[in-house]
Amino acid sequence: MRTSLGLHILGATLAGRVLADDAPPSTDNPAGVVYQAILPKEPFFAGAAIEGNVKGSIMAVAEDDGNGVMFSIMFENLPAEGGPFTYHIHTDRVVDNNCTVTKTHLDPYNAGVAVPCDPSNPQSCEVGDLAGKHGKVGSDPYMMNYTDLYASTNESSMSFFGNRSFVLHYANSTRITCANFELKMMEMPGNCNSTKTPAPMHR
Ligand SMILES: *[C@@H]1O[C@H](CO)[C@@H](O)[C@H](O)[C@H]1NC(C)=O
Ligand SMILES: *[C@@H]1O[C@H](CO)[C@@H](O)[C@H](O)[C@H]1NC(C)=O
Ligand SMILES: *[C@@H]1O[C@H](CO)[C@@H](O)[C@H](O)[C@H]1NC(C)=O
Ligand SMILES: *[C@@H]1O[C@H](CO)[C@@H](O)[C@H](O)[C@H]1NC(C)=O
Ligand SMILES: *[C@@H]1O[C@H](CO)[C@@H](O)[C@H](O)[C@H]1NC(C)=O
Ligand SMILES: *[C@@H]1O[C@H](CO)[C@@H](O)[C@H](O)[C@H]1NC(C)=O
Ligand SMILES: [Cu+2]
């Protein structure tokens with residue numbers, strides 16, 4: 001406790017920033033609400049040494065008990081050079097396939113990037129630093145499923161990402177490609193027949 005507080009104050013003094021708080025566990029995530037972000041046909045980075053673009057998507061759905069969000073990550077056709085690749089939830093949406101306009105990582109509790117994410121202490125990481133918390137992209141294809149306990153699909157949470165985007169980067173942080181999360185389907189609990197109904201448009 002003391003040590004951590006001391007470090008925070010020291011860090012804040014050095015960086016001249018607001019105090020970082022640990023991200024709270026994400027609870028109250030609505031059951032069955034699915035968000036998906038699918039990479040476009042063309043890369044953002046014109047110098048990407050690949051045919052077409054990286055193929056891939058991130059799918060996210062709340063755990064049944066509402067605690068945490070399950071992510072399904074899939075990337076393939078990655079550049080042969082420049083990895084391992086990282087990816088993060090960024091605050092703003094992609095417009096016209098421009099990954100620069102997505103701004104910075106989703107970081108509602110001001111973890112910052114000065115101290116790299118320690119995956120054994122994920123609540124101290126930026127909420128949007130998925131690769132930091134769950135691993136970099138070091139294979140092609142790359143498929144990974146995990147539960148993130150801090151990101152949220154509840155719109156009233158500071159860690160809500162359903163209206164945001166993700167960006168895939170080279171190891172040197174150059175942005176290769178990016179995609180917006182879109183609301184996919186609402187699964188109606190207890191109604192096994194029509195579990196999938198088109199979700200209302202979401203802004
Ligand atoms: C979102 O979280 C709030 C506050 O915890 C809760 O009242 C609300 O029911 C949640 N929304 C959904 C759709 O679960
Ligand atoms: C980052 O790495 C990629 C792949 O090696 C390279 O094409 C790109 O120019 C690098 N970006 C910078 C800013 O050096
Ligand atoms: C992408 O957006 C940035 C920031 O608004 C802008 O400076 C840049 O020119 C845009 N790039 C392209 C290729 O349109
Ligand atoms: C990840 O979960 C999805 C379902 O959400 C499943 O289709 C896929 O096979 C899983 N992948 C891995 C690598 O476990
Ligand atoms: C996403 O939604 C949150 C509230 O749930 C809001 O504060 C934020 O501005 C929205 N971001 C974008 C890019 O729409
Ligand atoms: C499921 O579908 C069957 C046949 O289409 C229908 O008879 C039944 O009422 C449906 N059940 C529910 C819970 O919608
Ligand atoms: Cu990023």
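When a ligand or atom number is given, it counts from 1 through the structure's own listing order.
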### Parallel, tilted or perpendicular: ring planes of Phe166 versus Phe181, cut at 30 and 60 degrees
tilted
### Message
Checking side-chain polar atoms at under 3.5 Å, does Asn29 have a donor or acceptor matched by the opposite partner on Ser26?
### Response
yes
### Query
Any N or O of Glu81 that comes nearer than 3.5 Å to an N or O of ligand 2?
no
### Query
Can you list the ligand 2 atoms lying under 4.0 Å from a non-hydrogen atom of Thr174?
1 (C), 10 (C), 11 (N), 12 (C), 13 (C)
### Task
Verify the neighbour count for atom CG of Asn172: are there more than 12 heavy atoms of other residues, nucleotides or ligands below 6.0 Å?
yes
### Task
Begin from the C-alpha positions of Arg164 and Thr102 and carry the test side chain to side chain donor-acceptor pair (under 3.5 Å) through to its verdict.
CA-CA 8 Å; Arg164 303 185 192 270; Thr102 65; over 6 Å; no
### Summary
The reported gap from CE in Met74 to CG in Leu39 (rounded to nearest 0.5 angstrom) is 8.5 Å
#### Entry: Atom name, His88 (N, O or S, nearest to the Cu ion (ligand 7))
ND1
### Query
How about Phe161 and Tyr150: are their ring centres within less than 6.0 Å of each other?
no
### Task
Please check if the distance between the ring centroids of Tyr87 and Phe75 is under 6.0 Å.
yes
### Query
Measuring from Met59:CE to Asn145:CG, what's the distance to the nearest 0.5 Å?
8.0 Å
### Task
Heavy-atom contacts with Asn172 under 4.0 Å: which atoms of ligand 2 show up? List them by number with element.
1 (C), 2 (O), 3 (C), 8 (C), 10 (C), 11 (N), 12 (C), 14 (O)
What are the polar N/O contacts of ligand 1 with the protein below 3.5 Å, with distances?
unit_1, atom_1, unit_2, atom_2, d
ligand 1, 2 (O), Asn154, OD1, 3.4
ligand 1, 2 (O), Asn154, ND2, 2.3
ligand 1, 2 (O), Ser156, OG, 3.3
ligand 1, 5 (O), Asp28, OD2, 2.4
ligand 1, 11 (N), Asn154, ND2, 2.9
ligand 1, 14 (O), Asp28, O, 3.4

